[in-house]
Amino acid sequence: MLPIQSFKYPNGKYGAYIYKSGYQSTSAIFGGSPQHLRKKGCVDSDDGRSVLLLPIRHPVERFASGVNTIRKNKKYAGYSVNDLIEMLEQNTFRNLHFMDIATVLRNACFYFDDIHLYKFPEHYENMLNDGEYYGEIPHHNKSDKTLILTDSQKERISRYYAKDFELFDSIKEPGQKFYFFKI
């Protein structure tokens with residue numbers, strides 16, 4: 001099962017709801033109940049496999065937005081940025097707002113023949129259009145706070161999300177095809 005919820009675009013291509021990468025806006029557009037993908041057939045079969053359009057947000061921006069979001073929850077309100085980074089580094093904290101996109105992609109390779117990447121928010125409209133959605137694009141869950149991170153915090157985030165940085169930096173055009181990570 002892909003660890004992220006998915007939906008179908010009007011043209012039958014798939015999209016994934018990625019926390020802090022347009023999740024609220026995308027779910028407002030496509031509504032319905034998100035579905036978890038389940039493996040159909042074998043990996044070497046094209047039966048039931050399709051195209052995935054995936055938004056990729058800059059890891060530091062995504063992390064900062066995630067912090068702003070979870071701090072709205074009383075459970076996390078008292079945690080500092082350094083506390084959250086340390087818990088991620090020590091693998092003592094799990095929250096989908098902080099899941100690395102590299103994990104999503106590794107899993108998606110088992111479900112989709114074609115995976116296309118889009119920088120979020122720069123390529124968001126391109127992604128929707130590639131799924132043949134041309135309607136209004138609502139802006140939900142916009143934070144009114146800007147979290148300022150220190151250079152040290154950015155460096156730690158860079159190490160933790162190293163593959164996500166590599167992935168984000170590799171996207172040169174909307175809808176760029178993804179194959180595999182370089183080792």
Side-chain angles (χ1 to χ4, degrees), residues 1-6 14-27 34 36-37 52-73 75-112 114-124 126-127 139-143 145-183:
M1 180 171 72
L2 189 63
I4 294 293
Q5 299 164 323
S6 66
Y14 282 89
Y17 293 119
I18 304 292
Y19 288 83
K20 307 317 307 165
S21 298
Y23 182 101
Q24 293 293 332
S25 298
T26 305
S27 61
H36 286 285
L37 294 176
L52 176 67
L53 310 180
L54 194 67
I56 309 294
R57 188 172 185 179
H58 189 278
V60 170
E61 292 174 12
R62 186 168 176 261
F63 175 84
S65 182
V67 170
N68 284 335
T69 296
I70 69 163
R71 280 186 170 166
K72 295 174 188 174
N73 181 330
K75 179 178 176 182
Y76 300 112
Y79 286 93
S80 72
V81 171
N82 286 329
D83 292 336
L84 293 169
I85 294 171
E86 186 172 324
M87 291 187 306
L88 287 169
E89 291 169 336
Q90 295 177 358
N91 201 25
T92 58
F93 175 65
R94 181 178 63 193
N95 184 295
L96 289 178
H97 291 91
F98 302 101
M99 176 185 269
D100 61 298
I101 300 305
T103 296
V104 174
L105 271 170
R106 283 185 188 99
N107 286 288
C109 287
F110 289 97
Y111 294 88
F112 299 96
D114 294 312
I115 300 172
H116 298 270
L117 307 178
Y118 301 81
K119 286 187 176 181
F120 179 86
E122 299 94 318
H123 302 158
Y124 186 61
N126 300 95
M127 183 180 73
H139 192 147
H140 286 274
N141 203 20
K142 181 173 174 64
S143 179
K145 297 179 184 178
T146 300
L147 183 64
I148 306 297
L149 299 169
T150 66
D151 288 342
S152 171
Q153 291 167 335
K154 289 177 186 176
E155 184 178 314
R156 291 171 72 193
I157 292 165
S158 296
R159 281 194 306 270
Y160 184 79
Y161 291 109
K163 280 291 182 190
D164 287 6
F165 271 93
E166 178 185 322
L167 183 64
F168 183 84
D169 291 341
S170 76
I171 303 171
K172 304 300 181 206
E173 60 186 37
Q176 181 174 307
K177 196 163 182 176
F178 172 80
Y179 294 98
F180 293 102
F181 287 106
K182 293 180 183 177
I183 295 177

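Residue numbers start at 1 and run along the sequence shown.
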Check your understanding: Say you draw a straight line from CD1 of I56 to CE of M127; how long is it, rounded to the nearest 0.5 Å?
Key -> 9.5 Å
Check your understanding: So do H123 and I171 actually touch side chain to side chain, heavy atoms under 4.5 Å?
Key -> yes
Review point. Which atom names give the shortest non-hydrogen contact between C109 and I115, and what distance separates them?
Key: N-CD1, 4.0 Å
Exercise for review: Report the distance from atom NE2 of H97 to atom OG of S21, rounding to the nearest 0.5 Å.
Suggested key: 10.5 Å
Point to revise | Gap between atom NE2 of H116 and atom OH of Y14 - 0.5 Å precision | key: 15.0 Å
Exercise for review: Flag the pair N82 / R156 as yes when at least one side-chain heavy-atom distance between them is below 4.5 Å, and no otherwise.
Suggested key: yes
**Study point:** F165 side chain near V60 side chain, heavy-atom distance below 4.5 Å
**Key:** yes
Review point. What closest approach, in Å, do I157 and P59 show between heavy atoms, and which atom pair accounts for it?
Key: CG2-O, 4.3 Å
Point to revise | Of E61, H58, K20, R57, the residue whose pairing with F120 passes side-chain contact (heavy atoms from CB on, under 4.5 Å) | key: R57
Review point. Is there a donor-acceptor pair closer than 3.5 Å between any side-chain N or O of K172 and the backbone N or O of D169?
Key: yes
Point to revise | Full working for side-chain contact (heavy atoms from CB on, under 4.5 Å) between L147 and R71 | key: CA-CA 11 Å; L147 183 64; R71 280 186 170 166; 4.0 Å; yes
**Study point:** Sidechain-backbone polar pair: T69 side chain, S65 backbone, donor-acceptor under 3.5 Å
**Key:** yes
Check your understanding: Can you check side-chain contact (heavy atoms from CB on, under 4.5 Å) on F168 and I101, steps first, answer last?
Key -> CA-CA 10 Å; F168 183 84; I101 300 305; over 6 Å; no
**Study point:** Check: N68 side chain, T146 main-chain N or O, donor-acceptor pair, under 3.5 Å
**Key:** no
Review point. What is the minimum heavy-atom distance between L149 and K154, and which atoms define it?
Key: O-CE, 3.6 Å
Review point. Any chance the rings of F63 and F98 have centres within less than 6.0 Å?
Key: yes
**Study point:** Closest approach of Y124 to T26 (non-hydrogen atoms, all atoms of both residues)
**Key:** OH-OG1, 2.6 Å
**Study point:** Side chain R62, main chain Y19, donor-acceptor under 3.5 Å
**Key:** yes
Point to revise | Minimum heavy-atom distance between Y17 and S6, given as atom pair plus value | key: CE1-O, 3.9 Å
Practice item. Could you tell me whether Y79 atom OH has more than 12 heavy atoms of other residues or ligands within 6.0 Å of it? Key: no
Practice item. Would you confirm whether D100, through its side chain, and Y161, through its main-chain N or O, come within 3.5 Å as a donor-acceptor pair? Key: no
Exercise for review: Could you grab the distance from atom CZ of F93 to atom CG of L84, nearest 0.5 Å is fine?
Suggested key: 5.5 Å
Point to revise | Nearest atoms (heavy-atom pairs only) where L52 meets G15 | key: CD1-C, 3.8 Å
Check your understanding: Nearest 0.5 Å, what's the CG-OG1 distance between D83 and T92?
Key -> 10.0 Å
Exercise for review: Kindly compute the distance separating CD (Q176) from NZ (K119), expressed to the nearest 0.5 Å.
Suggested key: 9.0 Å
Point to revise | Greater than 12 external heavy atoms within 6.0 Å of K177's NZ | key: yes
Check your understanding: Hey, does L53 have a side-chain heavy atom less than 4.5 Å from the side chain of Y118?
Key -> yes
